[in-house]
2 protein chains.
Amino acid sequence: MTRHTTDTLTIRQMCDAFGVTPRTLRFYEAKELLSPLRQGTRRLFSHKDRARLTLILRGKRFGFSLEEIRQLLGMYDPAGSNGAQLEKTHEIALERLALMEAQRADLDIAITELKGQLVEIQGRIARFRAAAE
Amino acid sequence: MTRHTTDTLTIRQMCDAFGVTPRTLRFYEAKELLSPLRQGTRRLFSHKDRARLTLILRGKRFGFSLEEIRQLLGMYDPAGSNGAQLEKTHEIALERLALMEAQRADLDIAITELKGQLVEIQGRIARFRAAAE
DNA sequence: CGTCATATTTACGTTAACGTCAACTTTGCT
DNA sequence: AGCAAAGTTGACGTTAACGTAAATATGACG
């Protein structure tokens with residue numbers, strides 16, 4: 001039985017929970033997107049790490065690069081202490097927000113068009129079947 | 001003055017209109033996402049090509065791969081003649097639609113969260129300024 | 001204490017989506 | 001006719017985001 005008194009996860013448990021590979025988690029750590037604790041040499045993923053990974057994977061689904069995601073993550077922890085840093089983070093957040101709202105508008109258009117095409121295709125299928133008597 | 005009686009565009013005009021490079025357009029052609037006409041050896045991009053490129057670039061913004069986009073494009077032209085082909089296209093369209101609606105839901109969540117963070121950060125900035133007397 | 005499962009580092013391999021450069025060919029103008 | 005601009009086809013280079021394999025270490029357990 002694997003031992004874990006706390007609410008931290010081993011790399012394998014983390015992988016199973018999120019459907020990613022160990023390589024991916026180590027890669028994200030190398031890119032400073034995650035910073036799991038160490039128990040000796042092994043990684044332990046806390047609740048915070050899980051929250052961050054959720055954000056990372058969501059960002060990826062929107063087509064953001066890991067570097068863009070890393071900047072976004074910056075604003076989810078209480079780090080940015082000094083004024084200039086806060087301003088910078090605020091600026092990035094505003095840009096991202098605008099981008100995401102534009103993306104949402106785009107997505108609505110694409111969904112509408114796709115639905116239209118679906119009807120079209122269904123019509124073609126119906127006509128095809130009718131033609132086959 | 002560049003000559004063009006018809007409503008087709010040269011590769012340069014196409015690039016300027018969409019903000020892409022010639023390499024990109026040739027690459028998309030090689031991947032069968034576009035099929036511009038030829039006047040001798042040179043490419044001529046029709047209205048149809050422009051419509052397709054719009055769809056391609058939109059798909060990219062959603063994080064779709066070119067291969068996924070190619071399949072999506074399949075349903076925007078009247079090609080898919082036989083029954084099995086139509087069924088296949090229909091199936092792909094349904095999958096993509098589900099995916100895009102899920103993505104939209106995700107995007108709404110992300111936008112809401114990001115707005116919350118913005119308020120948070122603005123609060124921190126305000127408190128920071130206040131602390132500076 | 002030995003062994004097996006799990007993990008770690010190091011390092012080279014891979015795929016997608018172009019960038020970049022070289023060596024032509026083709027047009028448009030003068 | 002002749003030259004510069006624009007276009008074409010290879011072919012090799014590059015970056016992001018991991019995959020994969022090898023060698024090593026560590027922890028649990030009979």
Side-chain angles (χ1 to χ4, degrees), chain A residues 1-6 8-46 49-50 52-73, chain B residues 1-6 8-46 49-50 52-73 96 99:
Chain A
M1 191 67 95
T2 318
R3 185 164 261 283
H4 66 115
T5 312
T6 65
T8 61
L9 301 184
T10 71
I11 198 171
R12 183 101 302 275
Q13 295 171 327
M14 189 78 170
C15 288
D16 292 347
F18 287 89
V20 298
T21 69
R23 180 66 173 97
T24 298
L25 294 182
R26 297 192 191 108
F27 184 76
Y28 289 171
E29 182 178 358
K31 293 289 176 151
E32 298 181 84
L33 295 174
L34 295 176
S35 17
L37 298 174
R38 295 298 181 111
Q39 148 187 300
T41 136
R42 328 205 132 161
R43 292 166 176 83
L44 285 182
F45 297 84
S46 67
D49 292 314
R50 277 167 264 162
R52 288 175 73 94
L53 185 53
T54 298
L55 291 173
I56 293 170
L57 297 181
R58 187 150 68 204
K60 288 207 62 183
R61 265 174 273 140
F62 303 152
F64 288 145
S65 73
L66 291 184
E67 176 53 26
E68 289 170 324
I69 292 171
R70 197 181 61 78
Q71 295 182 7
L72 262 175
L73 283 176
Chain B
M1 193 64 97
T2 317
R3 184 164 262 282
H4 66 115
T5 312
T6 67
T8 61
L9 301 184
T10 71
I11 199 169
R12 184 99 301 274
Q13 294 171 327
M14 189 77 170
C15 289
D16 292 346
F18 286 88
V20 298
T21 70
R23 180 66 174 94
T24 298
L25 295 182
R26 297 191 191 111
F27 185 75
Y28 289 171
E29 182 179 357
K31 293 287 177 155
E32 299 180 80
L33 296 173
L34 295 176
S35 18
L37 298 175
R38 295 299 182 111
Q39 148 187 301
T41 134
R42 329 205 132 163
R43 294 166 175 83
L44 285 183
F45 296 86
S46 67
D49 292 314
R50 277 167 264 163
R52 289 175 72 94
L53 185 52
T54 299
L55 291 173
I56 294 170
L57 297 180
R58 187 151 68 204
K60 289 207 60 184
R61 264 174 273 139
F62 303 153
F64 289 145
S65 72
L66 291 185
E67 176 53 26
E68 290 170 323
I69 292 171
R70 197 182 59 77
Q71 295 181 9
L72 264 174
L73 283 176
R96 289 273 171 268
L99 213 150

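Per chain, numbering begins at 1; letters A, B, ... match sequence-line order. What you are looking at is a predicted structure, and each value in this text was computed from that prediction instead of being measured.
Stacking of B:Arg52 on the aromatic ring of B:Tyr28 is not recorded, the 6.0 Å distance cut-off and the 45° axial limit not both being met.
Checked by atom type and distance alone, the side chain of A:Arg42 never pairs as donor or acceptor with a backbone atom of A:Arg38 at under 3.5 Å. For A:Thr54 (side chain) and A:Arg50 (main-chain N/O), a donor-acceptor pair under 3.5 Å exists by modelled atom type.
Residues B:Leu44 and B:Pro36 share a closest heavy-atom pair of O-CB, 3.4 Å.
Remark: P of D:dA17 and CG of A:Leu34 are 14 Å apart, rounded to the nearest angstrom. In this structure, B:Leu25 atom CG and D:dA6 atom C1' are separated by 14 Å, rounded to whole Å. The CG-C1' distance, from A:Leu9 to C:dA7, rounds to 15 Å in whole Å. The interatomic distance linking A:Glu29 (CD) with D:dC18 (P) rounds to 15 Å, in whole Å. Atoms CG (A:Leu44) and C1' (C:dA7) sit 11 Å apart, rounded to a whole Å. Whole-Å rounding puts the A:Met14 CE to C:dT8 P distance at 13 Å. Atoms CZ (B:Phe27) and C1' (C:dA16) sit 7 Å apart, rounded to a whole Å. As rounded to whole Å, 15 Å separates atom C1' of D:dA5 from atom CD1 of B:Ile11.
Here B:Arg38 reaches the OP1 or OP2 of D:dT9: one of its side-chain N or O atoms lies under 4.0 Å away.
For A:Tyr28, the listed nucleotide lying nearest its side chain is D:dC18; candidates were D:dT8, C:dA7, D:dC18. Considering only side-chain atoms of B:Arg23, the nucleotide from C:dA7, C:dT20, D:dC18 that sits closest is C:dT20. For A:Thr41, the side-chain atoms get nearest to D:dT26 when compared with the rest of D:dT26, C:dA7, C:dT9. Across D:dC18, C:dT9, D:dA11, the shortest atom-to-atom separation from the side chain of A:Thr24 is found for D:dC18. The side chain of A:Leu66 lies closest to D:dA17 when the candidates are D:dT9, C:dA7, D:dA17.
Taking a 6.0 Å sphere around CD of A:Gln39, one finds it holds 12 or fewer heavy atoms contributed by other residues, nucleotides or ligands.
Both A:Gly40 and A:Thr21 sit near DNA chain D, but only A:Thr21 has its closest nucleotide nearer the 5' end. Comparing B:Arg42 and B:Lys60 by the nucleotide of DNA chain C that holds the closest heavy atom to each, the one mapping nearer the 5' end is B:Lys60. Both B:Glu67 and B:Gln39 lie near DNA chain C, and the one whose nearest nucleotide falls closer to the 5' end is B:Glu67.
Contact annotation for A:Arg12: backbone-only contact, meaning every heavy-atom pair under 4.0 Å involves sugar-phosphate atoms and none involves a base. Heavy atoms of B:Arg26 sit under 4.0 angstrom from at least one base atom.
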